[in-house]
Structures are given as structure tokens and as C-alpha cells.
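Encoded as C-alpha cells, the structure appears first; notes follow it.
If you read the sequence from its start, that first residue is 1, and numbering goes on from there. Basis for what follows: all heavy atoms, side chains included, without hydrogens, waters or symmetry-related copies.
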Amino acid sequence: MTYHPKSDFVAVMMERGFLSDCTDYQGLDEALTGGLVTAYIGYDATAQSLHVGHLLNIMMLRWLQKTGHRPITLMGGGTTKVGDPSFRSDERPLLSPADIDSNIASMKEVFAKYLTYGDAENGALMLNNAEWLDSLNYLDFLRDIGRHFSVNRMLSFESVKSRLDREQSLSFLEFNYMILQAYDFLELNRRYGCVLQMGGSDQWGNIVNGIDLTRRVLDNEIYGLTSPLLTTSDGKKMGKSQDGAVWLNAEMRSPYEFWQFWRNTTDADVGRFLKLYTELPVDECDRLGTLAGSEINAAKVILANEVTTLLHGADAAAAAESTAREVFEKGGVGDDLPTLTLTAADLGDGMSIVQALVKSGLAKSGKDAKRLIAENGAKIDDQPLTDPGLMLDKAALSSPIKLSAGKKRHALVQLER
């Protein structure tokens, strides 16, 4: 598109690749240049941690605050009780209120790394939609809010249509979700002056619903902005690795493993990821992204360091890089490697190497571990591991041993001292 933004925020979104669509580029741009704008992104509390797939939108909130505006992280304490049907093939399992509260508390730790909460004019707000959803009276809600929604139109949204086209069940509970999300935008506008909702492009229908509802009920002008749904250059969904989701909480994915995920970025994605996930100048991101051969590996280290520093701090990034150099360049073990520490009781008379591969997270199951060994993908202390019947006893673990799965995944196994 050829729109030339006046506001710093829209300019950043466009030049760094965050922008998929906007309900009104010019209107939003004028609002952003006319004073402080409050914007939100909603996060359902379905897990203990956010993952790398959420990071792009967290960076959007960070840039919003860096350009002088106020971000809201809206936790879905209410909507998580229902479940978002968007582009899912099945219904989400329902969580208890205690599980939801626990998940929200855990997720808050990550947001605080990227946003500054507090009393400053553009200090970020952490809100929970249970604040207004939990106390709704169903009959009042139907009368005051439900009458503004056309079922015909709701059925036309791609997130719903795709379920129905595949003849997959869509419960009335889930169908209500888009009304509740629209109501969130109305309440945030009424209570906090929020005029912008952001999200992935799969949320477009939900965002437009909220805009329509707010205009009908309050006659206020508000906006929606979406980011592209990101896949890697080889077509994989962003945020997934060989061994599952790349969590942002350190206790669920160590800083070293997080660093390694970014270091393993495909060459073709380096420039794009530098623009989206770091704050390096765009020109520098473009320069690093065009490097080739061994030089692109140096760019990947920069990417890994920058992203890890934002989440876990500069010390954790430096320790991860040091460990990686020790492991990959010198064949050593490194101080920061994921470690499985066994007690004497754990070990008993001995533990099979297959069990050790599973317990250290290098294999998903015993079958997976045996396949890894059979395909010559496993190593012990940098030597090929060929015997799936190998047993580890106290003598074998008199000093830590290094296990490897492929060239890029390693762990230490040691006996508790």
C-alpha cells in the first residue's frame, strides 16, 4: 500500500513488517498524532506461559509505549471460561477459576519484561476482563448488547465458517465468545478511553465486531489493527520447535534453549525476524539479513542475543552464547546447558540410556529415543551412541555426561552430590 504515515507508531509498524490490515489508516494515524492513544491486546489464560507465537504482538505493545502511547494487556480471566473458537478444529478444554488465576499470575512476569507498568501518563495497564464479565446479568446483556449482533453476519466470519464448512461442532458457548470479545472493547473504551484493539489477522472478525458494537452503543470512533500470522520460510507455524512450544517463562524453557531457538533460525528469516523481534535499526536488520555463508551465522547470534536480552536480560544472553560456543566450537559441555540431575534413588541400580534421553527432554518417548539411536542421531560425550541397551550407573556418572540429539540439541546428565 502507498499510505505515508505521520505518526511514529504506524511508521514503525509498516517499515518493520508488523502491519497486516487496519480498519482506518488515516483516522488512526490522526488519532496517534493528536495525543496519547490507549490500545489493547487480549490474552486468554489457557496456559502457564505465553510462547514465541505471542511475541510479535507483545513487541507491538512495546513499540506503542516507546512511541509515547499507553498499552493495555487485557487478561481473559472471563473469556477463558468460554474459549476462543477462532480457527480451531475442536472446543478448548474448560479451566477452573483457580487454574485461570494461576496462569494469569505466571504470564504477568513476561509482560513486565517488555512493558513499563505504573503511574506515568503512558504507563501500561494490566487488566482482567473478569472485572466486567463476571458480574454480567444474562437477560440485561441479551437486551442491551445481544440485539446489536446479526447471527447471519457472525456465521460469515471465517473463524466460524471454517468450522461449519468442515461440519465440526461449534457449541453455543463458543459462539458467544465473539460477543464477549466485542463487549471487552466497548468496556475498555468506556472505562479507560481505549480506542485501538490490535491482534493477529485471525482476530479481524472479532475486532470489527467490537468496533461496530462500540459505535452503536457509545457512538465513539475506534480502530482495529492486525499483524500477519507468521510462519517461517519453510511454512512452519512460528513458535514451534522440534520439542514443542517455545515458552517465554524461564522455568518452562531455559534461557539457553530460548537463545538456541533463535540461533537456529533459517537463513531466509534472519532479516525479517531482526525487524520484528529486536529493536536494531531497520537498515542494520536489512544488512544482516543479506549476509551469506558463515557470515549469516554471525547475524543469527546477534538475533539470538538481542531477543534473549529483551526477555531474560543481557547476562543470560551472554551466558547462552558462551555455552553455545563451548558446546559447538570446542566440543565441551558449557555451564548453561539444560541439566538432568539424578538422585541416588532415581538412579537405583542403573538407568537406561533411553530413559535418560527422555528425562533430559531430548526425546519425547522411549520409542522416539530408540529411533534416534537407530538413525545415528544420538551421541554420548560427543561420541556416536549405538547401543539402546546401555545402562548408566554410579560409575558412569562419576562425572557429568553430555547427551546430544542431532547437531543442535544437548543436555547434561549428572548425579546429585
Side-chain angles (χ1 to χ4, degrees), residues 12 16 18 41 43 47-67 71 73 75 102-118 120 122-126 238-239 241 243-265 269-270 273-281 284-285 288 297-329 332-339 341 361 408-412:
V12 168
R16 297 189 81 97
F18 284 98
I41 295 177
Y43 299 87
Q48 280 280 305
S49 172
L50 298 161
H51 55 72
V52 162
H54 294 109
L55 201 48
L56 183 135
N57 283 341
I58 295 173
M59 290 298 292
M60 291 169 75
L61 290 173
R62 182 175 170 87
W63 280 112
L64 182 88
Q65 189 168 45
K66 283 171 72 76
T67 53
T73 44
M75 310 309 293
S102 171
N103 288 348
I104 289 173
S106 180
M107 289 159 69
K108 279 181 180 179
E109 297 172 19
V110 167
F111 287 117
K113 307 283 180 65
Y114 292 90
L115 303 172
T116 303
Y117 292 89
N122 72 328
L125 297 176
M126 172 76 72
M238 186 61 189
S241 73
D243 51 342
V246 181
W247 302 108
L248 302 185
N249 284 62
E251 60 273 16
M252 292 176 68
R253 172 75 64 160
S254 74
Y256 170 78
E257 292 171 301
F258 181 78
W259 186 96
Q260 197 62 49
F261 170 80
W262 295 98
R263 169 61 182 80
N264 293 339
T265 295
D269 290 324
V270 172
F273 287 1
L274 282 163
K275 282 189 273 196
L276 292 172
Y277 297 110
T278 82
E279 294 173 342
L280 292 177
E284 177 67 358
C285 297
L288 290 168
N297 290 331
K300 292 177 187 180
V301 169
I302 292 170
L303 171 67
N305 282 342
E306 292 288 327
V307 182
T308 305
T309 295
L310 280 174
L311 178 60
H312 295 298
D315 289 348
E321 182 183 0
S322 171
T323 292
R325 291 193 187 285
E326 183 69 30
V327 171
F328 295 111
E329 294 177 14
V333 293
D335 296 331
D336 205 25
L337 218 53
T339 301
T341 301
K408 297 177 179 178
R409 297 168 60 231
H410 310 272
L412 287 183

Examine distances only and state if a side-chain atom of R409 and a backbone atom of G361 form a donor-acceptor pair shorter than 3.5 Å. yes
Heavy-atom distance under 4.5 Å between the side chains of E251 and S49, does that happen here? no
Sidechain-backbone polar pair: R16 side chain, K275 backbone, donor-acceptor under 3.5 Å: yes
Do you know which two heavy atoms are closest between L288 and A299, and how far apart they sit? O-CB, 3.8 Å
Atom OH of Y117 and atom CD of Q65: how far apart are they, to the nearest 0.5 Å? 8.5 Å
Ring-plane angle category for Y256 and W259, please: parallel below 30°, perpendicular beyond 60°, tilted otherwise. parallel
E109: what forms a salt bridge (charged side-chain N to carboxylate O under 4.0 Å, His left out) with it, not counting sequence neighbours? none
K113 and L248, any side-chain heavy atoms less than 4.5 Å apart: no
4.5 Å side-chain heavy-atom contact, N305 and W262: no
Nearest heavy-atom contact between L310 and Y277 is CD1-O, 3.6 Å
Do N57 and Y43 have side chains that get closer than 4.5 Å, going by heavy atoms? yes
Quick check: does any side chain N or O of S106 sit under 3.5 Å from a backbone N or O of N103, one acting as donor and the other as acceptor? no
For the side chain of R263 and the backbone of A304, is there at least one donor-acceptor N/O pair under 3.5 Å apart? no
For the student: nearest non-hydrogen atoms of M59 and L276, plus distance: CG-O, 3.6 Å
On a heavy-atom basis, which atom in N122 and which in P71 lie closest, and how many Å separate them? O-CD, 3.8 Å
Would you check if F111 and M75 make a side-chain contact, meaning some heavy-atom pair closer than 4.5 Å? yes
Euclidean distance, N297 CG relative to I302 CD1, rounded to 0.5 Å: 11.5 Å
With sequence neighbours excluded, what pairs up with E306 under the salt bridge (charged side-chain N to carboxylate O under 4.0 Å, His left out) test? none
Grab the two heavy atoms, one from T73 and one from L115, that are nearest each other, plus how far apart they are. CG2-CD1, 3.7 Å
When you measure from the side chain of T67 to the backbone N and O of L64, does any donor-acceptor pair fall under 3.5 Å? yes
Considering only heavy atoms from C-beta outward, does the side chain of L311 approach that of L55 to under 4.5 Å? no
Please check if the side chain of E257 supplies one atom and the backbone of S254 the other of a donor-acceptor pair under 3.5 Å. yes
Spell out, as yes or no, whether a donor-acceptor pair under 3.5 Å connects the side chain of S322 to the backbone of A318. no
Of all the heavy-atom pairs spanning C285 and T278, show the shortest one and how long it is. SG-OG1, 4.3 Å
As an exercise, state the distance from NZ of K300 to CD of Q260, rounded to the nearest 0.5 Å. 11.0 Å
Interatomic distance, CG@L61 vs NE2@H54, rounded to 0.5 Å, equals 12.0 Å
